[in-house]
Amino acid sequence: MTLTPAQLREVISSLPASLPITDEYEAGNSGKKVWYRSQKEHLQGWLAGYNGPGAYNRKTHTGTARDFYQRFRCVAGLLWLAEALGEDSQMLRGAVADVYASGSNPSSQCAAFRRRVPWARIEELLVEHDGTQGKRRWWSLPGNRRG
């Protein structure tokens, strides 16, 4: 299935900003000055500028939501997305343990998280979330396929 960054941003707009596992993770990793108030706002901002250089002066301005997930280098944002979509808390806690074991490099941390929660799992959670929300099914929009 192909989901655009804009479609993912639309889904994110319906999700809660504060979540317990993400909040706990961020409380233990605070001190960094950021422009956003929540990971929801962080992802929305990142995705809003996805077709251009954005705030991070990206070199690649195209791609799918999967490409975004693979390129995004903030483990708290990846954690928030999975948690907001309803990933199992034990799975998320295991992923956080893997993140801590991976060292301090953001790329390594995100890779550790993605090994536990790959894009294929995010797609499953998106479909499950869509079904429980009674919303227009993003995967049925033109250009998207389910399965």
Q: Can you measure from OG (Ser38) to CD (Glu26) and round to the nearest 0.5 angstrom?
A: 8.5 Å
Q: Looking only at atom types and distance, does a side-chain atom of Arg9 sit under 3.5 Å from a main-chain N or O of Gln44, one as donor and one as acceptor?
A: yes
Q: State, to 0.1 Å, how close Leu125 and Gly86 come at their nearest heavy-atom pair, and which atoms those are.
A: CD2-C, 4.0 Å
Q: Leu8 vs Tyr69, test: side-chain contact (heavy atoms from CB on, under 4.5 Å). Steps then yes/no.
A: CA-CA 10 Å; Leu8 180 58; Tyr69 189 77; over 6 Å; no
Q: Going by heavy atoms in the side chains, are Thr64 and Thr4 under 4.5 Å from each other?
A: no
Q: Answer yes or no: is there a donor N or O on one side and an acceptor on the other, between the side chain of Asp98 and the main chain of Ala95, under 3.5 Å?
A: no
Q: Out of the candidates Ile21, Asp23, Ile12, only one should pair with Trp80 under the side-chain contact (heavy atoms from CB on, under 4.5 Å) rule; please name it.
A: Ile12
Q: Does the side chain of Ser102 pick up a donor-acceptor pair with the side chain of Gln109 at under 3.5 Å?
A: no
Q: Check whether any side-chain N or O of Thr22 sits under 3.5 Å from a backbone N or O of Leu19 as a donor-acceptor pair, and report yes or no.
A: no
Q: To the closest 0.5 Å, what do you measure between CD (Glu83) and CG (Asp88)?
A: 11.0 Å
Q: Is Glu123 close to Val127 at the side-chain level, that is, under 4.5 Å between some pair of heavy atoms?
A: no
Q: Could you give me the CA-CA distance, side-chain angles and deciding distance for Leu79 and Val117, then say whether side-chain contact (heavy atoms from CB on, under 4.5 Å) is met?
A: CA-CA 9 Å; Leu79 172 62; Val117 187; over 6 Å; no
Q: Determine yes or no for a side-chain-to-main-chain donor-acceptor pair under 3.5 angstrom, with Arg66 supplying the side chain and Leu3 the backbone.
A: no
Q: Considering only heavy atoms from C-beta outward, does the side chain of Leu92 approach that of Phe113 to under 4.5 Å?
A: yes
Q: With a 4.0 Å cut-off, would you call Arg116 and Glu87 a salt bridge?
A: no
Q: Are Tyr36 and Leu43 close enough, and set up right, to give a side-chain contact (heavy atoms from CB on, under 4.5 Å), and what steps lead you there?
A: CA-CA 9 Å; Tyr36 47 87; Leu43 269 68; over 6 Å; no
Q: Side-chain contact, heavy-atom cut-off 4.5 Å: Arg114 with Trp119?
A: no
Q: State, with a plain yes or no, whether a side-chain heavy atom of Cys74 is found less than 4.5 Å away from one of Gln39.
A: yes
Q: May I ask you to test the Arg93-Val96 pair for a side-chain heavy-atom distance under 4.5 Å?
A: no
Q: To the nearest 0.5 Å, how far apart are CD in Glu10 and CG in Leu47?
A: 12.0 Å
Q: Looking at side-chain heavy atoms only, is the closest gap between Tyr25 and Val99 below 4.5 Å?
A: yes
Q: Would you say the side-chain atoms of Lys40 pair up with the backbone N or O of Pro16, donor to acceptor, closer than 3.5 Å?
A: no
Q: Minimum heavy-atom separation for His129 to Ser14, with atom names?
A: NE2-OG, 3.6 Å
